[in-house]
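Only one structure is covered here, and it is reproduced in the block below.
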Amino acid sequence: MKTIENINFHGERVIVRVDYNVPLDNNKITDKTRIDASKETINLILNRGGSVILITHIGRPNGYQKDLSCVLIVNAVSEVFEREIIFCRSIIGKEAEKMAKSLKPGQIMLMENVRFYPEEVNGDIEFAKHLSKLGTAYVNDAFGSIHRAHASTTIIAKFFSKKYCGKLLEREVNAIEKVIKNGKKPILAVIGGAKISTKITIIQSLMNSVTDILVGGGMAYTFIKALGGSIGDSICEHDFCKYSIQILESAKQKNVRIHLPEDVIIADAFNNDANRKISKINKIPTGWQGLDFGPESLKIIKPIIINSKTILWNGPLGVFEFDNFSKGTIELGNLVAEATSNGSFSLVGGGDSVLAVKKFGFKNKMSYVSTGGGAMLECLEGAVLPGIRALR
Ligand code: AMP
């Protein structure tokens, strides 16, 4: 992929596909991290004499939806870039093209939510062609949507010879490569979260690059059940028991160590105020369920985390949304932060682990926190994503 590093954008109208799919509450942005994350790319283009046409989606609209209009984010974009933002209600057509052509260097125009057109998600080639007419160059910086072959994330690139990856996209891809392609060993992957079914392909692909895998969270119980343990009422995907045994066998063949929790915090109901106690993970009584990593498990995993030179963290170790069951995830965060401060490279990615890292104040203590959930997971699975292929 060509980067924007040495490109002169003088006089260019640059379409930048960003991911401003920000959370909105009552028509107000509650977190503008995604807008901030695009700053470097956009400022670089503006400083090198270009004008910028921002294309994004918000949510999953079904045709025009007032509560998902990009007009709701104009002020936030304006604050981040400290300039007036021109808003274009039409996404394609004569009016939009006229507005785009009249942009002067240094100006930013934000287009309306591109998903108001179903053609976007369908990857419609005619729609992509119309979009391309707005600019003279194309930059993709929407890592969160790079795994989608949509019109503005992938198909549009066909119509440009000047097409580049933005700084955010470059950073994300580099961070992932730092783990799966050129990670310093020992490499530890912490895979937590609720279900094994959503992580199985990742675990399988990671076995080709990492030395250790810590299985935490709800998915550990499927492994324990498959190994003949008693897991009480803990979450379990029975259909995946056979599969989890295959994973353990394949790990042995590949010399990858899989670490399962020894003990867990169990609860007599799925809520924060439930009664709780420590239990061996394979001896959980009926009526009880495992909701957090236990103290003995943390003791065992501590030296493995501290000694890892590369750490990937995807998914919480317990039901971190409940204060009483968040200790394992917080302790994991502390240990990964300690390893990072000692020089290890840590990458956190995937929706809930990013939430946990933010919630418990670890964001600035990790080497890199990914902005893309699904995209990052697909990258880790080793797929060449459509948006990346299109830029090549
Ligand atoms: P995922 O999206 O697969 O990363 O799953 C994240 C979710 O897993 C979080 O909402 C956690 O509350 C949940 N989770 C983690 N551990 C457990 C557990 N032991 N039992 C049930 N849910 C869990």
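Computed over heavy atoms, backbone and side chain alike; hydrogens, waters and symmetry mates excluded. The model shown is predicted, which means the values in this text are computed figures rather than measured ones. Remember, it's 1-based here, ligands and their atoms both numbered in the order they're listed.
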- Can you sort out which atoms of ligand 1 are near Gly217, meaning under 4.0 Å from one of its heavy atoms? 16 (N), 19 (N)
- With heavy atoms and a 4.0 Å threshold, my read on which part of Val319 contacts ligand 1 is both
- Does Ala194, backbone or side chain, put an N or O under 3.5 Å from an N or O of ligand 1? yes
- Task: Count the heavy atoms belonging to other residues, nucleotides or ligands that lie under 6.0 Å from CG of Asn62, then report whether that count exceeds 12.
- Result: no
- Task: Test Glu120 against Arg17 for salt bridge (charged side-chain N to carboxylate O under 4.0 Å, His left out), laying out the working first.
- Result: CA-CA 12 Å; Glu120 162 67 359; Arg17 177 51 160 104; 3.5 Å; yes
- Thr153 side chain to Ser145 side chain, donor-acceptor N/O pair below 3.5 angstrom: no
- Heavy-atom donor-acceptor pair, Ser38 side chain to Val18 backbone, under 3.5 Å: no
- Task: Give yes if a backbone or side-chain nitrogen or oxygen of Gly192 is under 3.5 Å from a nitrogen or oxygen of ligand 1, and no if not.
- Result: no
- Minimal non-hydrogen separation, Gly315 against Ser353, with atom names: N-OG, 2.9 Å
- Message: Tell me if the centroids of the rings in Phe127 and Tyr117 come within less than 6.0 Å of each other.
- Response: yes
- Item | For atom 6 (C) of ligand 1, closest protein heavy-atom neighbour | Asp352 OD2, 2.9 Å
- Going by distance only, is there an N or O of Lys199 that falls short of 3.5 Å from an N or O of ligand 1? yes
- Nearest-contact summary for atom 15 (C) of ligand 1 - protein heavy atom, Å: Gly318 O, 3.2 Å
- Distance only, no hydrogens: is a donor on one side chain within 3.5 Å (strictly under) of an acceptor on the other, for Ser90 and Glu95? no
- Mind checking whether Glu321 contacts ligand 1 via backbone (N, CA, C, O), side chain (CB onward), both or neither, at a 4.0 Å heavy-atom cut-off? side chain
- Note on the structure: If you scan protein heavy atoms around atom 16 (N) of ligand 1, the nearest is Gly218 N, 3.2 Å
- Message: Side chains of Ile284 and Val264, heavy atoms from C-beta outward: is any pair under 4.5 Å?
- Response: yes
- Message: Taking the six-membered ring for Trp, are Tyr138 and Phe159 closer than 6.0 Å centroid to centroid?
- Response: no
- Query: Which residue holds the protein heavy atom closest to atom 20 (N) of ligand 1, what is that atom called, and what is the gap in Å?
  - Reply: Ile235 CG2, 3.7 Å
- Item | Numbering as shown, the atoms of ligand 1 that approach Leu291 to under 4.0 Å (heavy-atom distance) | 19 (N), 20 (N)
- Does ligand 1 have an atom that lies less than 4.0 angstrom from a heavy atom of Phe322? no
- Between Gly290 and ligand 1, is there a nitrogen or oxygen pair with a distance under 3.5 Å? yes
- Which ligand 1 atoms does Tyr221 reach within 4.0 Å, using its non-hydrogen atoms? 19 (N)
